[in-house]
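A note on names: the letters A, B, ... follow the listed sequences, proteins ahead of strands, and every chain is numbered from 1. Note that the structure is predicted; figures quoted are calculated from it, not measured.
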There are 2 protein chains.
Amino acid sequence: MTPSTPNNGPTGDRAQRRRTTIHDVALSAGVSASAVSKVIRSAAGVSPQMRERVTQTIADLNYRPHAGARGMRGTSFTVGVMVTDFSSPFHPEVAEGISNQLDQTPFQEIVVRGGVDPSRQRRSIEALFDRQVDGLIVIAPWTPQEWLEDLGREIPTVVVARHGAPRHFDTVVSDDNLGARLMVDHLVSQGHTRIALTSQPSGGLRGQYVLSHTERERGYEEAMRARSLQPQIVRTTYSEEGGYRAARDLLDRSNRPTAIFAGADIAALGVLRAVEEAGLRVPDEVAVAGYDDIAVAGISRVGLTTIDQSARETGETSARLLLERIEGRVDPVRYVMRPQLRERATTIKQR
Amino acid sequence: MTPSTPNNGPTGDRAQRRRTTIHDVALSAGVSASAVSKVIRSAAGVSPQMRERVTQTIADLNYRPHAGARGMRGTSFTVGVMVTDFSSPFHPEVAEGISNQLDQTPFQEIVVRGGVDPSRQRRSIEALFDRQVDGLIVIAPWTPQEWLEDLGREIPTVVVARHGAPRHFDTVVSDDNLGARLMVDHLVSQGHTRIALTSQPSGGLRGQYVLSHTERERGYEEAMRARSLQPQIVRTTYSEEGGYRAARDLLDRSNRPTAIFAGADIAALGVLRAVEEAGLRVPDEVAVAGYDDIAVAGISRVGLTTIDQSARETGETSARLLLERIEGRVDPVRYVMRPQLRERATTIKQR
DNA sequence: CTGAAAGCGCTTACAG
DNA sequence: CTGAAAGCGCTTACAG
């Protein structure tokens with residue numbers, strides 16, 4: 001029942017007040033529950049008078065259909081979203097885009113945190129599945145491809161930040177190979193030859209079905225080798241701490257890189273910390289770049305050179321594709337976002 | 001049904017495969033559904049053999065109870081969380097704490113975005129309510145106090161970042177008055193007298209039931225007046241853009257402040273941008289401070305002086321309190337976090 | 001200890 | 001067009 005209706009029960013007790021149900025509406029309007037259901041769903045087969053009366057009663061009683069109960073038979077109007085982390089910026093920005101897109105629809109997003117462990121992610125996705133969502137948007141899952149294909153067969157699914165050509169779900173992904181190459185090109189144009197990359201472990205994913213960071217590695221390696229430069233990759237995690245550790249490792253080496261390309265902005269922030277702690281000037285002694293163009297990268301004080309992969313637009317597109325699937329589309333769609341270089345102070349030497 | 005079971009249906013079709021239900025388990029184990037239910041819930045009144053056999057069958061069939069269906073009669077093991085934004089850092093960090101705390105329990109959090117408009121927030125909270133959550137954690141709601149009290153009477157509820165002594169829900173809140181005073185003290189100790197504050201509108205909330213930012217305003221005003229200093233408050237929003245606009249406004253004034261205290265770190269980042277764009281040096285010409293101690297504040301490049309209000313611990317505490325309420329506690333608990341000053345480069349002049 | 005029946009709040013065929 | 005009945009997957013009394 002709507003909390004806006006005052007409750008006069010005894011203080012301190014939890015109200016036992018019943019929720020207003022479809023039957024209350026039916027009774028009050030003097031029609032059947034089926035009729036009310038049809039009106040709610042804007043289904044065919046109700047007379048204008050019926051519709052009118054029911055609509056009025058719904059308003060009078062301040063009735064809201066119980067999304068959970070609806071989901072047991074039909075649609076719950078709920079979209080489940082898995083992010084690996086709430087506190088790293090990129091995934092939440094994608095979620096924001098999803099939420100924006102869904103705002104125009106009767107659908108509601110619910111977001112859960114999956115972490116980076118495949119089995120925990122799997123439990124999180126199942127937790128959504130068990131809460132009768134109508135569809136799923138999964139960001140950067142490390143779970144096996146077959147498992148995702150099975151999932152996509154059971155429920156409309158869109159996967160973000162994972163490459164390949166799946167058969168039973170859609171993907172929205174940045175052209176990470178191109179993005180990495182753009183960054184290498186940029187760093188080379190600034191005179192660098194010892195360019196290192198911080199990445200994450202592939203999580204056992206290989207071939208075409210890899211997560212964004214692995215594809216960025218490939219793009220980086222290809223671009224380096226095309227110039228006969230030696231790739232230097234350190235794999236930690238996409239986090240401030242992970243970037244910090246990777247940078248510490250790199251800065252200790254004898255052939256210290258003059259540029260560190262972090263696979264994610266959040267890691268680049270940790271790289272910056274390590275570089276500055278080491279008493280090295282950015283960008284004069286070590287240039288630093290990231291990937292994602294999270295909000296903080298553009299702050300003047302940070303001025304992080306990075307690749308914009310349009311987190312919000314990624315979210316909006318995922319939501320749009322998912323709704324199409326919920327409406328019945330089964331052919332897989334692969335949506336590729338075009339990455340854009342954002343040159344800022346951490347790589348551009350002032351003269 | 002578990003996506004891990006391979007599906008051999010025709011390619012391109014959505015599987016019509018049935019979910020494994022409690023009845024499948026009952027049938028397979030040769031017992032009643034009630035018995036299976038008791039085992040799942042660890043309820044009393046099952047023989048060891050029964051328990052054994054059912055447990056085995058559940059494992060064999062890879063059965064997971066349907067959280068949605070459970071919620072229709074009993075507990076859904078789901079906790080709903082409302083944040084105003086996914087992309088501003090503070091609320092997601094609180095959500096991270098909630099998720100951490102719940103990780104040890106059978107409960108699962110689901111997070112929705114409520115925005116800053118009270119009616120949209122209300123719809124978001126109702127959306128959670130309608131998805132049979134067992135309890136609610138609401139971060140910084142602008143909705144009227146009576147509405148929240150009614151909500152708390154209907155469902156276990158914890159409200160974060162809102163002051164006052166409610167009767168039907170718990171609160172977890174920083175001592176914002178103290179936090180603001182700590183910051184004014186610090187800025188005064190650095191020699192400032194023209195100290196401005198960026199805040200947000202109170203949203204019509206007054207008296208004791210105000211959101212954190214309004215209480216910070218009060219603490220700031222009291223601290224300023226106690227020193228016979230003139231308060232200067234600009235109200236925009238807690239966002240990078242909001243901080244930027246507030247700072248632009250302040251910097252244009254004839255009695256330009258020498259220190260700007262942003263009510264939230266995210267706004268402080270915008271203040272920094274405005275100050276630097278204006279060609280003023282931080283902290284020599286304008287000192288800048290924030291509130292929250294979000295992760296990025298501690299990055300060397302940012303070095304933002306701020307107040308740590310322990311977002312993660314706030315989340316963990318909220319989750320703990322909520323579980324107590326779900327278990328039956330009805331007396332309201334008010335948990336006050338003690339704020340701590342973090343002095344960094346944006347206010348400390350180097351010599 | 002065990003299980004058949006009713007019911008949570010909806011929607012879906014299916015009669016009328 | 002309208003509504004009675006069955007059912008979604010569980011849990012909750014209530015018999016036995």
Side-chain angles (χ1 to χ4, degrees), chain A residues 1-2 16-54 57-58 61 63-78 106 126 129-134 154-155, chain B residues 1-2 16-54 57-58 61 63-78 106 126 129-134 154-155:
Chain A
M1 180 168 284
T2 301
Q16 294 305 331
R17 193 147 50 88
R18 260 185 55 256
R19 186 184 173 94
T20 304
T21 72
I22 198 170
H23 290 108
D24 297 326
V25 175
L27 199 69
S28 174
V31 300
S32 74
S34 326
V36 178
S37 174
K38 278 172 197 150
V39 171
I40 295 168
R41 291 175 291 117
S42 309
V46 269
S47 63
Q49 308 93 288
M50 169 77 87
R51 180 174 310 282
E52 162 78 17
R53 190 159 59 176
V54 170
T57 309
I58 287 174
L61 268 51
Y63 166 71
R64 295 193 313 272
H66 188 279
R70 300 184 82 170
M72 304 262 336
R73 297 294 286 163
T75 334
S76 66
F77 296 102
T78 311
E126 287 171 347
F129 191 86
D130 296 343
R131 280 162 181 79
Q132 72 254 14
V133 294
D134 298 328
E154 306 235 11
I155 183 171
Chain B
M1 182 167 284
T2 301
Q16 294 304 330
R17 193 147 51 88
R18 260 186 55 255
R19 185 186 175 93
T20 304
T21 72
I22 198 170
H23 289 108
D24 298 326
V25 176
L27 199 68
S28 173
V31 301
S32 73
S34 324
V36 178
S37 174
K38 278 173 198 150
V39 172
I40 295 170
R41 290 176 290 117
S42 310
V46 268
S47 62
Q49 309 94 289
M50 169 77 88
R51 180 174 309 283
E52 163 77 17
R53 190 158 60 178
V54 170
T57 310
I58 286 174
L61 269 51
Y63 166 70
R64 296 193 313 272
H66 188 279
R70 300 183 83 169
M72 303 263 337
R73 298 294 287 163
T75 330
S76 66
F77 295 102
T78 311
E126 286 171 347
F129 192 87
D130 296 345
R131 280 161 181 79
Q132 72 254 15
V133 293
D134 298 327
E154 305 233 11
I155 183 171

Position toward the 5' end of DNA chain C (nearest nucleotide), B:R51 or A:I40: B:R51

DNA chain C: B:A44 or A:G68, which has the more 5' nearest nucleotide? B:A44

[options]: which one has an atom nearest the side-chain heavy atoms of [X]?
X     : options              : answer
A:R70 : D:dG3, C:dT11, C:dA4 : C:dT11
B:S32 : C:dT11, D:dG9, C:dA4 : C:dA4
A:M72 : D:dG3, D:dG9, C:dG3  : D:dG9
A:M50 : D:dG3, C:dC10, C:dG3 : D:dG3
B:R19 : C:dG9, D:dG9, C:dG3  : D:dG9
A:S47 : D:dT11, D:dT2, C:dG9 : D:dT2

Might you list the N or O atoms of the protein lying below 3.5 Å from N or O atoms in nucleotides 12-16 of chain C, with each pair's distance?
unit_1	atom_1	unit_2	atom_2	d
C:dT12	OP2	A:R41	NH1	3.0

In this structure, how many angstroms lie between the [atom2] atom of [N] and the [atom1] atom of [X], rounded?
X      : N      : atom1 : atom2 : result
A:L61  : C:dG9  : CG    : P     : 14 Å
A:I22  : C:dC8  : CD1   : P     : 14 Å
B:Q132 : C:dG9  : CD    : P     : 11 Å
A:H23  : D:dA4  : NE2   : C1'   : 10 Å
A:R131 : D:dC10 : CZ    : P     : 13 Å
B:R64  : D:dC10 : CZ    : C1'   : 15 Å
B:L27  : C:dG3  : CG    : C1'   : 14 Å
B:H66  : C:dC10 : NE2   : C1'   : 13 Å

Check whether any side-chain heavy atom of [X] lies under 4.5 Å from a side-chain heavy atom of [Y], and answer yes or no.
X      : Y      : result
A:H66  : B:Q132 : yes
B:D130 : A:R19  : yes
B:S76  : B:R70  : no
A:Y63  : A:D24  : no

Tell me, please, which residues at least two apart from A:R131 pass side-chain hydrogen bond (donor to acceptor under 3.5 Å, both in side chains). B:T78

Of all residues at least two apart in sequence or in a different chain, which pass the side-chain hydrogen bond (donor to acceptor under 3.5 Å, both in side chains) check with A:R41? A:S37

Salt bridge (charged side-chain N to carboxylate O under 4.0 Å, His left out) partners of A:D134, counting only residues at least two apart: none

Check against side-chain contact (heavy atoms from CB on, under 4.5 Å), B:I40 and B:I58: CA-CA 9 Å; B:I40 295 170; B:I58 286 174; 4.3 Å; yes

Runs of at least three consecutive pairs that involve DNA chain C, where pairs are Watson-Crick or G-U with distances under 3.5 Å: C:1-3 with D:14-16, C:5-12 with D:5-12, C:14-16 with D:1-3

Please list all pairs meeting side-chain hydrogen bond (donor to acceptor under 3.5 Å, both in side chains) that have one or both residues in residues 42-54 of chain B, counting only residues at least two apart or in different chains. none

Show the atom names and distances, to 0.1 Å, of all donor-acceptor pairs under 3.5 Å that link a side chain in residues 27-35 of chain A to residues at least two apart or in another chain.
unit_1	atom_1	unit_2	atom_2	d
A:S32	OG	A:S34	N	3.4
A:S32	OG	A:A35	N	3.1

